[in-house]
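As structure tokens, the structure follows; a few thoughts come after it.
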Number of protein chains: 2
Amino acid sequence: MKPTHMRHSEDCRAVSEILSRVGDKWTVLVVDYLGQGSMRFTELKRAVGGISQKMLTTTLRGLERDGFVTRTVFPTIPPRVDYELTDLGRELLAPVQALGAWARTNISRVNAARERFDKEQQ
Amino acid sequence: MKPTHMRHSEDCRAVSEILSRVGDKWTVLVVDYLGQGSMRFTELKRAVGGISQKMLTTTLRGLERDGFVTRTVFPTIPPRVDYELTDLGRELLAPVQALGAWARTNISRVNAARERFDKEQQ
DNA sequence: CGGGATCCTTGAAGATACTG
DNA sequence: CAGTATCTTCAAGGATCCCG
């Protein structure tokens, strides 16, 4: 579309795109649970907790589209659908969990900063 | 505190919270540019490109609140405001850039998966 | 059981105008 | 220059009903 602005900016937008995908409300939770192994729809819904079936469907479709998850349908009655991380999904898990580790160890510092900021603002 | 699988959900929500903060539309871009050093408002606005002044203000306020950037006002005319990463901000930069590196090296696989998925769906 | 199709409510984000 | 103040748009997310 437009002339190549800066490669810097371009790269960052790719990063932002991945981060938006991963950073949405439910994706990390779902991916993390699937990191333990294959799960079916309702199982996942119970595990995550608080997610609507619509959002779980949307989240899983997005993950499937991006190649992070496989969807396997068993044409039985009642139907059964299994979700599982792909290789790409498992590879993604590593840097995400690194960020997760950072978040866990530093969440208290963030919360402290927030309280300080909010207090100064009255 | 508890068995590892018991703090699972709790931790993930903390992770999700950080990821939502970091994964919003502009935060990563802004943090990344600030990773190069202190910058002032308009300078940052030009660098990021496409961001409205409102969103830049909102993004910077959020980062300041969470303790990731400092805001320094010079009471001159015209006014001058510098933004700079804090230690916490620079520490965050590491795992974020790790995820960024993953995104850059794998974005093509993601895009390929998307094309495949979209084609199958017609 | 695993969704699809709708409707509805928010809040995020953009555009524009004004100001110390 | 570095914001604030409004107004508007738009899509994420939730609630509900239906169906093979």
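What you see is a predicted model, and the numbers here were worked out from it, not measured in a lab. A, B, ... follow the sequence lines: proteins, then strands. Residue 1 opens every chain.
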Any salt bridge linking E91(B) with R109(A)? Criterion: basic side-chain nitrogen under 4.0 Å from a carboxylate oxygen.
yes
N/O (side chain, Y83(A)) to phosphate O (OP1/OP2, dG3(C)) under 4.0 Å:
yes
Q53(A) atom CD is separated from dC19(D) atom P, nearest whole Å, by 15 Å
Side chain of P79(B) only, please: which of dG2(C), dG3(D), dG20(C) is the nearest?
dG20(C)
Rounded to whole Å, CG of D24(B) lies from P of dA12(C) at a distance of 10 Å
Separation of R80(B) atom CZ from dG3(D) atom P, in whole Å?
12 Å
Check the distance between dT19(C)'s C1' and I77(B)'s CD1 and give it to me in whole angstrom.
13 Å
Taking only side-chain nitrogens and oxygens of R46(A), does any of them come within less than 4.0 Å of OP1 or OP2 of dC1(C)?
no
One pair to check against side-chain contact (heavy atoms from CB on, under 4.5 Å): W26(B) and M55(B). What are the steps and the verdict?
CA-CA 8 Å; W26(B) 301 108; M55(B) 284 318 297; 4.0 Å; yes
Looking at the side chain of P78(A), which of dC1(C), dG3(D), dG14(D) is the nearest nucleotide?
dC1(C)
Quick one: is dG3(C) close enough that its OP1 or OP2 comes under 4.0 Å of any side-chain N or O from T57(A)?
no
Show your reasoning for whether salt bridge (charged side-chain N to carboxylate O under 4.0 Å, His left out) applies to R116(A) and D118(A).
CA-CA 6 Å; R116(A) 207 177 313 125; D118(A) 292 348; over 6 Å; no
Contact between K45(B) and Q53(B) at the side-chain level, heavy atoms closer than 4.5 Å - yes or no?
yes
Between R80(B) and E43(B), does any NZ, NE, NH1 or NH2 come within less than 4.0 Å of an OD or OE carboxylate oxygen?
no
If you compare every side-chain N and O of R40(A) against the phosphate oxygens of dC1(C) (OP1, OP2), does one of them come in below 4.0 Å?
no
Starting from P on dC1(D), measure out to CG on L60(B) and report it in whole angstrom.
16 Å
Would you say dT16(C) has OP1 or OP2 under 4.0 Å from some side-chain N or O of K54(B)?
no
Once you round it to whole Å, what is the distance between P of dA12(C) and CD1 of I51(B)?
15 Å
Measure CE/M55(A) against C1'/dA12(D) and give the value in whole Å, please.
6 Å
Distance test, side-chain N/O of R61(A) to OP1/OP2 of dG4(C), below 4.0 Å
yes
Measuring from the side chain of W26(B) (C-beta onward, heavy atoms only), which nucleotide among dC1(D), dG3(D), dG14(C) has the closest atom?
dG14(C)
Rounded to the Å, how far apart are M39(B) CE and dC1(D) P?
15 Å
Measure distances between side-chain N and O atoms of E43(A) and base N and O atoms of dG2(C), and say whether any donor-acceptor pair falls under 3.5 Å.
no
